[in-house]
Amino acid sequence: MVKLSEKEKAAHKAAFQAMSPAEKAEHIFTYHKWTILLILVALIVLGSIIHRQLTQKKPVLYLAVINISFGEDVQKSLTEDFVTGAGFDERRQEVYLYRDLYLSEDADTLNHEYAYASKVKLSGAISAGKLDLVLMNREAYDIFSRQGYLMELTSLPNELSPFLTKNEVILSDNSVDYLLGNAEEEQVVTETVPNSLTVSSLPLFRDAGFDGDLYLGVVSNSSRQEEAAAYLRYLFGL
């Protein structure tokens, strides 16, 4: 880059000051357009980051709905109505909802990839500590329970006792060793524990016309147990 002398700088400055406003604008854009564009891009990116930080909602709970579909009214009751009813700030907080998930041990060819993708998504959410509650049908409940994903519900209000449901949890399973020939016989050790609430009879679900029973469980590694307990009280109107 050629360095201008003081005399040349003064001449350029005088020439610029003699230009009309339109000529000045054209001059600036011609010689500095890339700098201007970079500044604009940086401002847009910065503005987007600030806007996202200001408007992004923080989950108070993570809820997964498995093998169940419903409309906007039920979704609102499961998410927004709890946030406002529990006294959270609906502008900044939310119930994060995992929808359109499917689990099955007998998935056919068409649904196999869907079931596998749902399993991976749920496993990742549990590992990351981003799943607290699971609303599911019986098939999904059996799968979650056997895998030990659900918390044993031992300290519930007396009003919830009639809704408490038990299911099997696998304590040990040597089926892989058996299939590989490393064990003489297959042994699966299980126990039955109370780890879900049957919610089908609640007005929210009964009036929506669901087929079969629905179950609500708390994920065993949830770090938001107080919020989960508040959610149970909300659903059951306690």
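One-based numbering along the sequence shown. Both backbone and side-chain heavy atoms feed into the values below; hydrogens, waters and symmetry mates do not.
- Counting all heavy atoms, side chain and backbone alike, L150 lies closest to M136 at CD1-CE, 3.8 Å.
- Remark: E94 CD to L61 CG distance equals 11.0 Å, nearest 0.5 Å.
- In this structure D213 satisfies the salt bridge (Lys or Arg N to Asp or Glu O under 4.0 Å) test with no other residue, sequence neighbours excluded.
- Of all heavy-atom pairs spanning S220 and G148, the tightest one is OG-O, 3.5 Å.
- Here the closest non-hydrogen pair linking G212 and S200 is O-OG, 4.0 Å.
- Both F144 and Y215 are assigned to one and the same hydrophobic cluster, defined by single-linkage of ILVMFWY side chains at heavy-atom distances under 4.5 Å.
- Side-chain heavy atoms closer than 4.5 Å link hydrophobic residues (I, L, V, M, F, W, Y) into clusters, and following such links, possibly through other members, connects F88 to L97.
- In terms of heavy atoms, E168 sits closest to S145 at O-OG, 2.6 Å.
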(request) Please report the C-alpha distance between V134 and Y98 in whole Å, then the side-chain angles of each, then the deciding distance to 0.1 Å, and finally whether the side-chain contact (heavy atoms from CB on, under 4.5 Å) criterion is met. (result) CA-CA 9 Å; V134 187; Y98 298 96; over 6 Å; no
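- Connectivity analysis of hydrophobic side chains (ILVMFWY, heavy atoms under 4.5 Å, direct or indirect) links V169 to V193.
- Here the closest non-hydrogen pair linking E105 and R146 is OE2-NH2, 2.8 Å.
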In residues 226-235, what donor-acceptor pairs under 3.5 Å come from side-chain atoms, sequence neighbours left out?
from : atom 1 : to  : atom 2 : distance (Å)
Y231 : OH     : L78 : O      : 2.7
Y234 : OH     : S77 : O      : 2.5

(request) Apply side-chain contact (heavy atoms from CB on, under 4.5 Å) to F82 and V60, showing your working. (result) CA-CA 10 Å; F82 167 71; V60 296; 4.3 Å; yes
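- Checking N195 against Y149 by side-chain atom types alone, no donor-acceptor pair falls below 3.5 Å.
- With S118 contributing its side chain and Y102 its backbone, the two residues share a donor-acceptor pair below 3.5 Å.
- Between V219 and Y62, every side-chain heavy-atom pair lies at or beyond the 4.5 Å cut-off.
- V120 belongs to a hydrophobic cluster whose other members, connected by ILVMFWY side-chain contacts under 4.5 Å either directly or through intermediates, are Y116.
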Could you tabulate the donor-acceptor pairs under 3.5 Å formed by side-chain atoms of residues 151-166, not counting sequence neighbours?
from : atom 1 : to   : atom 2 : distance (Å)
S161 : OG     : N158 : O      : 3.3
T165 : OG1    : F163 : O      : 3.3
T165 : OG1    : T198 : OG1    : 2.6

What side-chain donor-acceptor pairs closer than 3.5 Å can you find for residues 65-72, not counting sequence neighbours?
from : atom 1 : to   : atom 2 : distance (Å)
N67  : OD1    : L103 : N      : 2.8
N67  : ND2    : L103 : O      : 2.9
N67  : ND2    : N137 : OD1    : 3.2

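- A donor-acceptor contact shorter than 3.5 Å is absent between the side chain of T192 and the backbone of N167.
- When all heavy atoms of L131 and N221 are compared, the pair lying nearest together is O-OD1, 4.4 Å.
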